[in-house]
Amino acid sequence: MAPAPTERVDTVVDVPIAILGAGPAGLMLAHRLGRSGIACVNIDLRTRAEIEGTHRAGILEAGAARDLVDTGVSDRILRDGHEHGGTELRFGGRGHRIDFRELVGGSVWLYPQTDVFIDLANARDRDGGTVHFGVTDPEVNGVETDRPTMRFTSADGVRHEVRATIVVGADGSRSMCRSLIPEAGRTQFFREYPFAWFGILAAAPKSAPELVYAHSEHGFALISQRTDAVQRMYFQCDPEEDTEAWSDDRIWETLQVRVAGDDGFSLVEGPVIEKTVLRFRSFVQQPMRWGSMVLAGDAAHTVPPTGARGLNLALHDVKVLAEVIPRALGKEGLDALDDYEPRALSRVWRAQNFSYWMTQMLHTAPGASAFDLRRQLGELDNVVSTRAGRTYLAEQYAGWPTES
Ligand code: PHB
């Protein structure tokens with residue numbers, strides 16, 4: 001679609017890469033490309049403060065944590081993050097530790113996505129990257145040509161045009177870029193779930209040294225962490241649940257019942273300082289390349305949060321893109337972009353399976369029968385009581401090496 005000739009544009013820049021989205025995927029891509037001397041412009045509809053204030057998942061694979069340090073984003077994760085060598089599955093009133101280190105020599109880092117974002121945004125400032133937060137009226141044209149453009153109005157009211165070689169849609173689960181691929185050219189795969197997560201932040205000390213994923217006949221609960229004084233917890237709820245209907249007492253009662261057991265485990269309670277309902281679904285759109293545009297992260301795929309895969313997958317996408325894009329800008333031309341999807345997608349579908357598997361194994365579907373519940377306990381038993389089962393979970397959760 002050619003831009004309307006009458007439309008006002010105040011400034012025009014030529015930059016190889018235009019990135020819609022300045023969350024972790026978009027910023028990490030700009031950071032990685034910047035290290036190869038490739039300039040990018042990132043835009044985001046949200047302000048920097050809005051992104052910082054959005055609570056998302058908290059688990060990074062050890063490889064992704066190492067990449068933040070080794071690529072020079074920041075080494076703050078080594079001070080403020082916490083390395084976990086395992087996780088706990090709780091069911092039938094008992095905890096069962098899955099020891100990542102012993103089983104697969106791996107670990108994960110508890111480091112909230114908000115902190116990953118803060119580090120990346122600071123690194124862009126430090127390295128002179130161009131990032132426009134809080135833009136309005138974004139528009140992308142010409143992705144079927146080799147001169148795509150991105151237009152937007154920056155927070156100060158200036159209308160910009162970026163003339164790029166490649167446009168990257170890293171614009172999240174409500175991506176505008178993915179709808180630029182015509183319906184006839186794209187396929188969307190998705191699965192909805194009949195439940196959501198009620199997420200809280202509580203001012204309380206830790207209840208357990210590592211994360212606890214709990215299955216009970218009353219539903220799922222996840223006991224995560226943020227700092228020594230603030231904890232993150234979730235419990236399965238109805239997608240239409242209203243947070244206002246939940247007092248602190250009712251929240252704690254619900255969580256305590258879901259983790260209770262003969263071993264006497266209970267949560268350390270404290271004031272609830274934030275509550276939100278998180279709806280989720282499994283989603284993939286293919287293809288991930290269309291002409292001079294590629295999609296990365298949540299724009300192309302989302303997973304339920306149960307396996308802590310979302311951020312890790314997004315960071316893997318941009319790691320592959322940071323290898324492919326320099327080739328596409330060089331003598332190979334845009335055809336090099338064809339290498340992206342096969343390398344990104346195999347991990348996407350493996351992660352889709354893992355996230356789906358963890359979700360169905362740990363949640364209680366509305367209307368589940370006594371058979372369904374006992375079958376789930378059988379499945380959980382198979383996982384924790386065989387080395388093969390524990391190893392499978394550990395390998396999937398701690399992440400696979402990047403394929404080249
Ligand atoms: C979190 O800490 O927010 C978190 C951790 C693990 C998950 C999902 C969310 O699987």
(message) Is there a side-chain contact between Glu217 and Gln376 in this structure, where contact means two heavy atoms from C-beta onward sitting under 4.5 Å apart?
(response) no
(message) Determine whether a donor-acceptor pair (N or O, by modelled atom type, separation under 3.5 Å) exists between the side chain of Thr87 and the backbone of Leu211.
(response) yes
(request) Could you grab the distance from atom CD1 of Ile325 to atom SG of Cys40, nearest 0.5 Å is fine? (result) 7.0 Å
(message) Test your reading of the model: is there a side-chain donor-acceptor pair from Arg250 to the backbone of Ala245, 3.5 Å cut-off?
(response) yes
(request) Might you point out which heavy atoms bring Ala296 and Tyr340 nearest each other, and give the distance in Å? (result) CA-OH, 3.6 Å
(message) Distance check, rounded to the nearest 0.5 Å: Asp339 atom CG versus Glu341 atom CD?
(response) 11.5 Å
(request) First locate atom CG of Leu27, then atom CZ of Phe117, and finally report the distance between them rounded to the nearest 0.5 Å. (result) 6.0 Å
(request) Side-chain contact test, heavy atoms from C-beta onward, threshold under 4.5 Å: evaluate it for Val303 versus Phe283 and give yes or no. (result) no
(request) Take Glu88 and Arg97 through the salt bridge (Lys or Arg N to Asp or Glu O under 4.0 Å) test and state the conclusion after the steps. (result) CA-CA 4 Å; Glu88 185 173 291; Arg97 183 162 189 264; over 6 Å; no
(request) Test Ser216 against Arg258 for side chain to side chain donor-acceptor pair (under 3.5 Å), laying out the working first. (result) CA-CA 6 Å; Ser216 81; Arg258 293 183 189 197; 5.2 Å; no
(request) Determine, step by step, whether Thr302 and Asp298 satisfy the side chain to side chain donor-acceptor pair (under 3.5 Å) criterion, reporting the C-alpha distance in whole Å, the side-chain angles of both residues, the deciding distance to 0.1 Å, and the verdict. (result) CA-CA 5 Å; Thr302 55; Asp298 281 0; over 6 Å; no
(message) Using ring centroids (six-membered ring only for Trp), state whether Trp349 and Phe189 fall under 6.0 Å.
(response) yes
(request) Please test Ile43 against Ile19 for side chain to side chain contact (heavy atoms under 4.5 Å, CB included), starting from the C-alpha separation and ending with a verdict. (result) CA-CA 6 Å; Ile43 63 165; Ile19 305 179; over 6 Å; no
(message) Quick check against the 3.5 Å criterion: does Asp171 have a side-chain atom that pairs as donor or acceptor with the backbone of Met176?
(response) yes
(message) I'd like to know if the side chain of Arg350 and the backbone of Val348 have a donor-acceptor N/O pair within less than 3.5 Å.
(response) no
(request) Ignoring hydrogens and angles, tell me if any N or O in the side chain of Asp44 forms a donor-acceptor pair with the backbone of Gly21 under 3.5 Å. (result) no
(request) Please lay out, stage by stage, how Gln285 and Gln188 fare under the test side chain to side chain donor-acceptor pair (under 3.5 Å). (result) CA-CA 4 Å; Gln285 175 170 307; Gln188 298 188 332; 2.7 Å; yes
(request) May I ask you to say whether Arg101 pairs ionically with Asp99, meaning some side-chain N is under 4.0 Å from a carboxylate O? (result) no
(message) Closer than 3.5 angstrom, by distance alone: can the side chain of Gln286 be matched with the main-chain N or O of Thr187 as a donor-acceptor pair?
(response) no
(request) For the residue pair Glu274 and Ile200, establish whether any side-chain heavy-atom pair is separated by less than 4.5 Å. (result) no
(request) Please report the C-alpha distance between Phe100 and Tyr397 in whole Å, then the side-chain angles of each, then the deciding distance to 0.1 Å, and finally whether the ring pair (Phe, Tyr, Trp, His ring centres under 6.0 Å) criterion is met. (result) CA-CA 9 Å; Phe100 303 152; Tyr397 195 95; 5.4 Å; yes
(request) Could you verify whether a donor N or O on one side chain and an acceptor N or O on the other, from Glu144 and Trp290, lie under 3.5 Å apart? (result) yes
(request) For residues His160 and Ser154, determine if any side-chain heavy atom of one lies less than 4.5 Å from a side-chain heavy atom of the other. (result) yes
(request) Verify, without hydrogens or angle tests, whether His363 (side chain) and Thr359 (backbone) share a donor-acceptor contact under 3.5 angstrom. (result) yes
(request) For Arg232 and Tyr234, test the side chains for any donor-to-acceptor distance below 3.5 angstrom and give the result as yes or no. (result) yes
(message) Return the CG to CG distance between Leu377 and Asp372, rounded to the nearest 0.5 Å.
(response) 11.0 Å
(request) In sequence, state the C-alpha distance, the side-chain angles, and the governing distance for Glu323 and Arg343, and then conclude on salt bridge (Lys or Arg N to Asp or Glu O under 4.0 Å). (result) CA-CA 11 Å; Glu323 288 170 31; Arg343 287 177 58 192; 2.8 Å; yes
(request) Please assess Asn141 against Glu139 for the test side chain to side chain donor-acceptor pair (under 3.5 Å), listing each intermediate value before the final yes or no. (result) CA-CA 7 Å; Asn141 288 292; Glu139 195 190 320; 2.9 Å; yes
(message) Under the criterion side chain to side chain contact (heavy atoms under 4.5 Å, CB included), I'd like the reasoning laid out for Val116 against Met28: C-alpha separation, chi angles, the key distance, then a yes or no.
(response) CA-CA 9 Å; Val116 175; Met28 187 63 177; over 6 Å; no
(message) If the threshold is 4.0 Å, N to carboxylate O, is there a salt bridge linking Lys319 and Asp317?
(response) no
(message) Between Phe235 and Trp246, is the ring centroid distance below 6.0 Å?
(response) yes
(message) Can you see whether Tyr213 engages Thr306 through a side-chain donor-acceptor pair at a distance of less than 3.5 angstrom?
(response) no
(request) Could you please spell out the steps behind the salt bridge (Lys or Arg N to Asp or Glu O under 4.0 Å) verdict for Arg279 and Glu241? (result) CA-CA 10 Å; Arg279 288 157 164 259; Glu241 197 59 73; over 6 Å; no
(message) Under the criterion side chain to side chain contact (heavy atoms under 4.5 Å, CB included), I'd like the reasoning laid out for Leu380 against His96: C-alpha separation, chi angles, the key distance, then a yes or no.
(response) CA-CA 10 Å; Leu380 283 159; His96 307 263; over 6 Å; no
(message) Closer than 3.5 angstrom, by distance alone: can the side chain of Arg178 be matched with the main-chain N or O of Ala299 as a donor-acceptor pair?
(response) yes
(request) Kindly give the heavy-atom pair with the smallest separation between Thr386 and Asn382, and that separation in Å. (result) OG1-O, 2.8 Å
(request) Check for a donor-acceptor pair, side chain of Arg289 on one end and backbone N or O of Leu295 on the other, with a separation under 3.5 Å. (result) no
(request) For residues Ile223 and Lys206, determine if any side-chain heavy atom of one lies less than 4.5 Å from a side-chain heavy atom of the other. (result) no
(request) State, with a plain yes or no, whether a side-chain heavy atom of His215 is found less than 4.5 Å away from one of Leu89. (result) no
(message) Do Val277 and Asp238 make a side-chain contact, defined as non-hydrogen atoms from C-beta onward lying under 4.5 Å apart?
(response) no
(message) For Glu161 versus Thr149, what's the shortest heavy-atom pair and its separation?
(response) OE2-CG2, 4.0 Å
(request) From the options Gln396, Gln352, Glu379, select the one residue that forms a side chain to side chain donor-acceptor pair (under 3.5 Å) with Trp357. (result) Glu379
(request) Could you grab the distance from atom CD1 of Ile77 to atom CG of Asp119, nearest 0.5 Å is fine? (result) 8.0 Å
(request) Check Ile98 against Val384 and note the closest heavy-atom contact, atom names and distance. (result) CD1-CG1, 4.2 Å
(message) Between Ile251 and Phe198, is there a side-chain heavy-atom distance shorter than 4.5 Å?
(response) yes
(request) Dump the intermediate steps for salt bridge (Lys or Arg N to Asp or Glu O under 4.0 Å) on Arg327 and Asp335, then the final yes or no. (result) CA-CA 9 Å; Arg327 288 173 35 213; Asp335 285 351; over 6 Å; no
(message) Between the side chains of Arg159 and Glu7, is the shortest nitrogen-to-carboxylate-oxygen separation below 4.0 Å, so that they form an ion pair?
(response) yes
(message) Pair Val108, Leu60 - check side chain to side chain contact (heavy atoms under 4.5 Å, CB included), show working.
(response) CA-CA 6 Å; Val108 295; Leu60 273 186; over 6 Å; no
(message) Is it the case that the side chain of Gln225 and the backbone of Pro209 share a donor-acceptor pair, with hydrogens and angles ignored and the cut-off at 3.5 Å?
(response) yes
(message) I'd like to know if the side chain of Glu83 pairs up with that of Ser107 as donor and acceptor (distance under 3.5 Å, no hydrogens or angles considered).
(response) yes
